[in-house]
Asker: 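The structure follows.
For the single chain, residues carry numbers from 1 onward in sequence order.
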Amino acid sequence: MAEETPAPGPTILVVDDEESNILIFTRPLTKAGYRILTAQSGAEAVEMVQKNDVDVVLLDWMMPQMSGLEACTRIKGTGKGRILPIIMVTAKSSPEDIKEGLDSGADDFITKPVQMDEALARVRSALRQRKLEKELDETNVHLKQLMALKDEFLNIASHDIRSPLASMLGFTQTLLQETVGPLNPMQKKFIGIINRAGKRQLKLVNDILDIARIETGRDKLEKASHVMDDLLAEMAEVMSYNAQEKNIALNVDSLCPKPLEIDESKILRVLNNLVSNAIKFTPPGGRVEITCRETPDGCCV
């Protein structure tokens, strides 16, 4: 049996193998302005939830072939039934019965003999729950779409923004080192300005990408075996030009030859940021010292 009583309000599916029990609910619910669907078996109820937009299910516990508990579990296991409120209608009321019903996925209970005022109140409560669940579900879908857009941005930014900057910095650094020919003072000044601006831009892009990765949970450590002496030497080579421009002595005193399992790019970022700030806030003619010593569990910079 599957009859439908059209009405403008929310849709209530009433499930019971006895038609007389269905009529107990359909008349008051229809009068209250609800659209009523009915089913006389658990299997039929599962099918109707999939084919219709149902807002609340009133589900009889004791039915042949497929019990209300089994039907409840099956409905909750489907995509459309996941957030669908299910009210079990039963004469069972012991704590063990209630626990069993809740474990199967039921959201509420109406005890027999049915008190219609109480039943209508529980239906209204379930509809409020349904509305909140749908709003939350829609918000989650929207958030997932935003996360997908952010992931797409990260992928584009990682390649399409950083790659040209890295190329620009590489070529300007080569020109400043005069390995391809001498520069006059004006050329060196202008190329130096381009190089410094590019470094600031790359730092800004990297900071934005790091924050975005942390927020999306995509920031991961990529550990490999590296020697801190080598990383500090590399850092000093990159920072030496900035130090020379301010007439600042940059000295590295590192005694940490033991290989460590670290994320090379992140450690270099930290070192570059710290030393860059040290150079920035040290008066011209000053000195920046970096020391590194082994410790029992790694090294201390």
Asker: Counting only heavy atoms not in Gln187, do more than 12 fall under 6.0 Å of its CD?
Answerer: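 Yes - once you tally the heavy atoms of other residues, nucleotides and ligands closer than 6.0 Å, there are more than 12.
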
Asker: Show your reasoning for whether side chain to side chain donor-acceptor pair (under 3.5 Å) applies to Gln50 and Thr78.
Answerer: CA-CA 8 Å; Gln50 295 307 303; Thr78 63; 2.9 Å; yes

Asker: Just checking Lys188: does its NZ atom have more than 12 heavy atoms from other residues, nucleotides or ligands closer to it than 6.0 angstrom?
Answerer: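 No, not enclosed.
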
Asker: Using the rule that Ile, Leu, Val, Met, Phe, Trp and Tyr join whenever any side-chain heavy atoms are under 4.5 Å apart, tell me whether Val57 and Phe109 fall into a single cluster.
Answerer: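 Val57 and Phe109: one cluster.
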
Asker: What about Leu37 and Ile83, same hydrophobic cluster or not, with Ile/Leu/Val/Met/Phe/Trp/Tyr joined at side-chain heavy-atom distances under 4.5 Å?
Answerer: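 No, Leu37 does not connect to Ile83 through the hydrophobic network.
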
Asker: Applying the side-chain contact (heavy atoms from CB on, under 4.5 Å) criterion to Arg122, which one of Ile110, Leu58, Leu127 satisfies it?
Answerer: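 With Arg122 as partner, Ile110, Leu58, Leu127 yield a single side-chain contact (heavy atoms from CB on, under 4.5 Å), made by Ile110.
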
Asker: Check this for me, if you would: do Arg130 and Asp107 make a salt bridge, where the nitrogen-to-carboxylate-oxygen distance has to be below 4.0 angstrom?
Answerer: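 Salt bridge absent between Arg130 and Asp107.
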
Asker: Within the supplied structure, the quantity of interest is the number of heavy atoms (other residues, nucleotides, ligands) at a distance under 6.0 Å from Met168 CE; does it exceed 12?
Answerer: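 Result for CE/Met168: enclosed.
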
Asker: Hey, mind stepping through Thr291 and Asp253 against side chain to side chain donor-acceptor pair (under 3.5 Å) and telling me if it holds?
Answerer: CA-CA 5 Å; Thr291 61; Asp253 178 16; over 6 Å; no

Asker: So, for Cys256 and Val227, which heavy atoms are closest and what is the spacing to 0.1 Å?
Answerer: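 For Cys256 versus Val227, the nearest heavy atoms are O-CG1, 3.5 Å.
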
Asker: Backbone N or O of Leu169 within a donor-acceptor pair of the Lys199 side chain at under 3.5 Å?
Answerer: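 Checking the backbone N and O of Leu169 against the side chain of Lys199, no donor-acceptor pair under 3.5 Å is found.
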
Asker: Out of Val15, Thr38, Asp60, which one pairs with Ile22 under the side-chain contact (heavy atoms from CB on, under 4.5 Å) rule?
Answerer: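 Considering Val15, Thr38, Asp60, a side-chain contact (heavy atoms from CB on, under 4.5 Å) with Ile22 is found only for Thr38.
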
Asker: One thing to verify: whether Asp53 and Arg35 come together as a salt bridge, which I'm taking to mean a side-chain N less than 4.0 angstrom from a carboxylate O.
Answerer: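 Between Asp53 and Arg35 there is no salt bridge, as every charged N stays at least 4.0 Å from the carboxylate O atoms.
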
Asker: Tell me whether Lys134 is salt-bridged to Glu138, with the criterion being a basic N under 4.0 Å from an acidic carboxylate O.
Answerer: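 Salt bridge flag = no for Glu138 with Lys134.
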
